[in-house]
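All remarks here apply to the structure that follows.
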Amino acid sequence: SLTRHTCKLESSVGVQVRTEAALFLSRMANKYSQELGSSTELMLTTKYRLVPTLCAMISRDQTRRTRFAAARCLRCLCQDVTRGSPAVVQADPGPSGLGAVETLVGVVLELREGVMPHPLLREGLEALKLMASSPGGVLVPQLLVAGAKEALTYVAADLKLEDPYRGTS
């Protein structure tokens, strides 16, 4: 009985720690020091497996805060469109088998179910936009294969998203 409660506590604490770590890393992205170089490059080193961890944190069984923190961290890493975006897109998929693009497309498509929190949608859309902004459009084919075009078309056609903004111009 005590062991079962301890395991629940540890997993709960682990999620909270990963959430706060993702928020911290999102603040540290795109910094530069002469000793270490680009913080984004350092974080995206394959040995840390940051992208698969963040993709797992975006899964639906996580809390809204955890999902938002992970999506925000991916977006911040993609702000460096020459080094960050390609590394995020080309990172190994996590245990779910989904890479960052597929995970973010899935987040955008959750809008169909009507339970999408807008801050999470905003982070997902912004990350996809940054990926598409890579120099020379080299990542666009990977975005298309992952279904980004359909997801973005769905968002563009959803008039309910415009309701809060009607009459404000």
Side-chain angles (χ1 to χ4, degrees), residues 5-134 139 142-143 146-148 151-152 155 161:
H5 293 298
T6 305
C7 290
K8 285 183 184 177
L9 178 64
E10 287 174 3
S11 67
S12 171
V13 169
V15 169
Q16 291 174 355
V17 168
R18 283 193 301 271
T19 301
E20 295 304 319
L23 289 171
F24 174 74
L25 291 174
S26 66
R27 290 183 192 107
M28 292 303 299
N30 302 306
K31 306 293 185 228
Y32 184 84
S33 76
Q34 291 199 350
E35 296 85 30
L36 299 173
S38 167
S39 62
T40 301
E41 277 189 81
L42 183 63
M43 286 186 253
L44 290 173
T45 303
T46 55
K47 70 178 180 179
Y48 297 126
R49 298 194 40 81
L50 180 61
V51 174
T53 302
L54 293 171
C55 290
M57 290 171 62
I58 295 176
S59 69
R60 290 182 179 202
D61 60 339
Q62 300 294 328
T63 64
R64 290 174 101 178
R65 179 172 166 75
T66 299
R67 296 180 77 201
F68 172 77
R72 179 179 204 96
C73 190
L74 282 174
R75 178 189 56 86
C76 289
L77 290 169
C78 287
Q79 285 177 330
D80 181 352
V81 294
T82 56
R83 288 176 273 179
S85 289
V88 168
V89 170
Q90 295 163 356
D92 291 333
S96 67
L98 298 177
V101 177
E102 293 87 357
T103 301
L104 293 169
V105 167
V107 164
V108 173
L109 288 176
E110 284 180 35
L111 184 63
R112 291 180 179 171
E113 298 165 19
V115 294
M116 168 59 61
H118 286 280
L120 181 59
L121 176 63
R122 187 178 315 117
E123 297 297 332
L125 288 172
E126 184 68 25
L128 289 172
K129 181 185 98 174
L130 290 166
M131 290 174 187
S133 306
S134 62
L139 301 178
Q142 290 166 303
L143 293 170
L152 296 175
V155 170
L161 288 175

Any Leu54 side-chain heavy atom under 4.5 Å of Leu25 side chain: no
Short side-chain to backbone donor-acceptor contact, Thr40 and Asn30, under 3.5 Å: yes
Nearest-0.5 Å distance that lies between atom OG in Ser134 and atom CG in Asp80: 11.5 Å
Gap separating the CG atom of Leu121 from the CD atom of Glu110, nearest 0.5 angstrom: 9.5 Å
Closest contact, heavy atoms only, Met131 versus Ala100: CE-CB, 4.4 Å
Non-hydrogen atoms of Ala87 and Leu44 that approach each other most closely: CB-CD1, 3.7 Å
Test item: Ser38 side-chain N/O and Tyr32 main-chain N/O as donor-acceptor pair under 3.5 Å: no
Euclidean distance, Leu77 CG relative to Leu130 CG, rounded to 0.5 Å: 10.5 Å
Any residue meeting side-chain contact (heavy atoms from CB on, under 4.5 Å) with Thr46, in chain and number order, not counting sequence neighbours: none
Side chain Ser26, main chain Cys76, donor-acceptor under 3.5 Å: no
Where Ser85 and Cys78 come nearest, the two heavy atoms and their spacing: OG-O, 2.9 Å
Any residue meeting side-chain hydrogen bond (donor to acceptor under 3.5 Å, both in side chains) with Thr19, in chain and number order, not counting sequence neighbours: Thr66
4.5 Å side-chain heavy-atom contact, Thr103 and Leu74: no
Atom of Gly124, atom of Val108 and distance for their closest heavy-atom approach: C-CG2, 4.5 Å
Flag side-chain contact, heavy atom, 4.5 Å: Val105 against Val101: yes
Rounded distance [0.5 Å steps], CE in Met43 versus NZ in Lys31: 9.0 Å
With Glu102 via salt bridge (charged side-chain N to carboxylate O under 4.0 Å, His left out) - residues at least two apart: none
Test item: Thr45 side-chain N/O and Glu41 main-chain N/O as donor-acceptor pair under 3.5 Å: yes
Least distance between heavy atoms, Arg18 atom then Met57 atom: O-CE, 3.4 Å
Under-4.0 Å salt bridge between Arg65 and Glu20: yes
Non-hydrogen side-chain atoms of Lys129 and Leu152 separated by less than 4.5 Å: no
Nearest-0.5 Å distance, CG of residue Leu104 to SG of residue Cys55: 7.0 Å
Atom pair CD/CZ of Glu126 and Arg72 - distance to nearest 0.5 Å: 10.5 Å
Sub-4.5 Å side-chain heavy-atom contact between Val15 and Gln62: yes
